[in-house]
2 protein chains.
Amino acid sequence: MIDPPHASAYIVRMAAHHHHEHAGASLAQAAEAALVEAGEQWTDMRSDIFAVLATFEKPASAYDIADLVSQKRGKRVAPNSVYRILDLFVATNLARRVESANAYIANSHPGCLHDCIFLICDNCGTATHIDDDALTMSVRAAAEHAGFAQVRPVIEVRGKCADCG
Amino acid sequence: MIDPPHASAYIVRMAAHHHHEHAGASLAQAAEAALVEAGEQWTDMRSDIFAVLATFEKPASAYDIADLVSQKRGKRVAPNSVYRILDLFVATNLARRVESANAYIANSHPGCLHDCIFLICDNCGTATHIDDDALTMSVRAAAEHAGFAQVRPVIEVRGKCADCG
DNA sequence: TTAACGATGTAATGTTGTAACGTGCATCGA
DNA sequence: TCGATGCACGTTACAACATTACATCGTTAA
């Protein structure tokens, strides 16, 4: 199991940072690479769950995923198994948990450590994410100033998206 | 029912802003005043629920509150009823929902509109809150820049508090 | 071969949240 | 005074989210 990112490693990674937004097969490949890199196995089950997760526009609940993976495999996959793997994905930065939606979303650039800012539309449910390192570092700094350590920011913004405005 | 705060009203309130941190009876009074001000009633049930909520150091789940209020009244109070009133409290800014904990916390300065930043200790569960208006306004601005409207930031930081460090 | 381990399966249960509808009570105008 | 209205709260049922404990299976290493 992987430790959550902590500030110093974070800063180091940021300096050399480039974005590769992935999609489809490319994303799955990147995810596989990242998982293997982390010393974990890329199994069929994990592959299927990642694939399903990646098809969602909106944050997907573990049960949503369980249903679709069950269909795909023609055999019931219990939520339990899905949670296990989602936890692994979150720990290895392949996916993110959206706290305000009790749901998960694939990370479109696994391999880069980021504090993401999620924008979730209260109307249509779609989530977009923005990266604003100055902002997230400020949040980290504020928390650390208050004596917090091993900081993990949760920055989500609920509202109406441009389409639903 | 009260609309969520929106940016323009927010800015207006900020300009004239002073903090009055309340505790105990003073807090209950302030809460009552704020609720009445909002055109809502301060009933026994609401008073009890607020009182129980305010005794918690850490974010309290609706079920925690239901249990304690049930004891206090010597009669079962269903979670359902607690949710209704918590929703009202959140809408009127008497309490906040901590999304990453599925729990609620009393607002120690009802009457001021704020985007709070919560720091929640993963070890002991206590939540402290900090107000950093520059930061929260930046988050609002980032979301609005991405086309979002009626923005409601959720900014929480998980980590280890100074005591548990 | 067998022990150990990691991944997944199965079943049960616990926690959090909502929906639908009923009851009691205060207020208010006819 | 009486019924209509509206609000707070109660009750029940259920939906959605999450975890626990233990079993099974295949691979690897002694």
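We use all heavy atoms of the structure for the numbers below, so side chains are in, but hydrogens, waters and symmetry mates are not. In what follows, every chain begins at residue 1, and chains take the letters A, B, ... in the order their sequences are listed.
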What's the CD1-P distance between B:Ile85 and D:dC7, to the nearest Å?
15 Å
Same cluster or not: B:Tyr104 versus B:Val98, using hydrophobic residues (I, L, V, M, F, W, Y) connected whenever any side-chain heavy atoms lie under 4.5 Å apart?
no
Applying salt bridge (charged side-chain N to carboxylate O under 4.0 Å, His left out), can you list everything that pairs with B:Arg158, at least two apart in sequence or on another chain?
B:Asp122
Is a side-chain donor-acceptor pair under 3.5 Å present for A:Thr126 with A:Glu57?
no
The side-chain hydrogen bond (donor to acceptor under 3.5 Å, both in side chains) partners of A:Asp48 (sequence neighbours excluded) come to A:Arg73
Please answer whether the main-chain N or O of A:Pro110 pairs with a side-chain N or O of A:Asn93 as donor and acceptor at a distance below 3.5 Å.
no
B:His114/B:His109 aromatic ring centres below 6.0 Å
yes
Who clusters with B:Val154? Use side-chain heavy atoms, under 4.5 angstrom, across I, L, V, M, F, W and Y, and order the result by chain and number.
none
Along nucleotides 11-21 of chain D, 5' to 3', which nucleotides get a B, which get an S, and which get a -, given that the test is a protein heavy-atom distance under 4.0 Å?
BB----BBBBB
Do any of residues 41-58 of chain B sit with a heavy atom less than 4.0 Å from DNA chain C, and if so which?
none
Could you tell me which residues satisfy ring-ring contact (aromatic ring centres under 6.0 Å, His included) with A:Phe89, sequence neighbours excluded, listed by chain and number?
A:Phe50
